[in-house]
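Sequential numbering from 1 along the given sequence is applied to the chain's residues.
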Amino acid sequence: MSQPIPTVYLVDDEDVLRDALAWLLRSRRLLSEGYASAEAFEAMLEQRSLHGTYLPRDPCCLLLDVRMPGMSGLALFDRLIERGLIEVMPVIFLTGHADVPTAVAAVKRGAFDFVEKPFSDNALVDRVEQALARSAEVLARCQVAQAVQRKLGELTERERDVMRLVIEGRPNKLIADDLDISVRTVEVHRARVFEKMDVKSAVELANLLRGAGLADR
């Protein structure tokens, strides 16, 4: 399996700053892509389908200027929230016009950090690496959830009924009564659920669903 390639997206209308950031990131062996506007970055997302339920393959984060001609960084941030991307793509705002209310509001709404220009190079790259680590964690959880979803998709409707009652801790006899089927049929469905979900016990099954954030399925 290929190693993940973390990417830092740079969205800032200042060419000089983008070039300086790209050089700084290269000095720490980090790959970056620069965009001169929020619109250009959105066009890249559309082209690569980085929206909706799509998950990027590798960890990533975004260094985003607050004030830019056209769409502002804050407006782009709102659109990323709507698309559900800021968890897997943490956003670090960059601004030369920082004010406390704007910083507090952005962080409360999910921004990873808010850095005022001029900034300490080492401190900024440290935060970028922490953001990439967060992205990797979220991406791994999403990929586990997707794998569990695929397994759930292989269950029949009756197997899902049995699975739900098994997770509730009900014995086969009560499950049979609830579903108006024989105990033997319950045993067969239970075995098939365990096989398809690749677990050996009801506890393991419950933990698998809970770990994937699907405990209520």
Query raised in the report: Going from CG on Leu124 to CD on Glu129, what distance comes out if it is rounded to the nearest 0.5 angstrom?
Result: 10.5 Å

Query raised in the report: Between Val8, Thr7, Leu80, Ile92, which is the residue that forms a side-chain contact (heavy atoms from CB on, under 4.5 Å) with Leu62?
Result: Leu80

Report summary line: So salt bridge (charged side-chain N to carboxylate O under 4.0 Å, His left out) across residues 8-18, not counting sequence neighbours, yields Asp12-Lys117, Glu14-Lys117, Asp15-Arg18

Query raised in the report: So, Glu204 side chain and Lys200 main chain: donor-acceptor pair closer than 3.5 Å or not?
Result: yes

Query - Close side-chain approach of Leu17 to Asp65, heavy-atom, < 4.5 Å - result: no

Query raised in the report: With a 4.5 Å limit on heavy-atom distance, are the side chains of Leu152 and Met197 in contact?
Result: yes

Query raised in the report: Quick one: do Glu46 and Arg83 make a salt bridge, cutoff under 4.0 Å?
Result: yes

Query raised in the report: With a 4.5 Å limit on heavy-atom distance, are the side chains of Arg190 and Ile175 in contact?
Result: yes

Requested in this report: Decide if atom CD of Glu187 counts as having more than 12 heavy atoms of other residues, nucleotides or ligands within a radius under 6.0 Å.
Outcome: yes

Query raised in the report: So, do Phe41 and Leu64 sit near enough that their side-chain heavy atoms are less than 4.5 Å apart?
Result: no

Query raised in the report: Side chains of Arg28 and Asn122: closer than 4.5 Å at any heavy-atom pair?
Result: yes

Report task. For residues Arg158 and Leu179, determine if any side-chain heavy atom of one lies less than 4.5 Å from a side-chain heavy atom of the other. Result -> yes

Query raised in the report: Side-chain contact, heavy-atom cut-off 4.5 Å: Val166 with Val193?
Result: no

Query raised in the report: Which word best sums up how the rings of Phe77 and Phe93 line up, parallel for under 30°, tilted for 30 to 60°, or perpendicular for over 60°?
Result: perpendicular

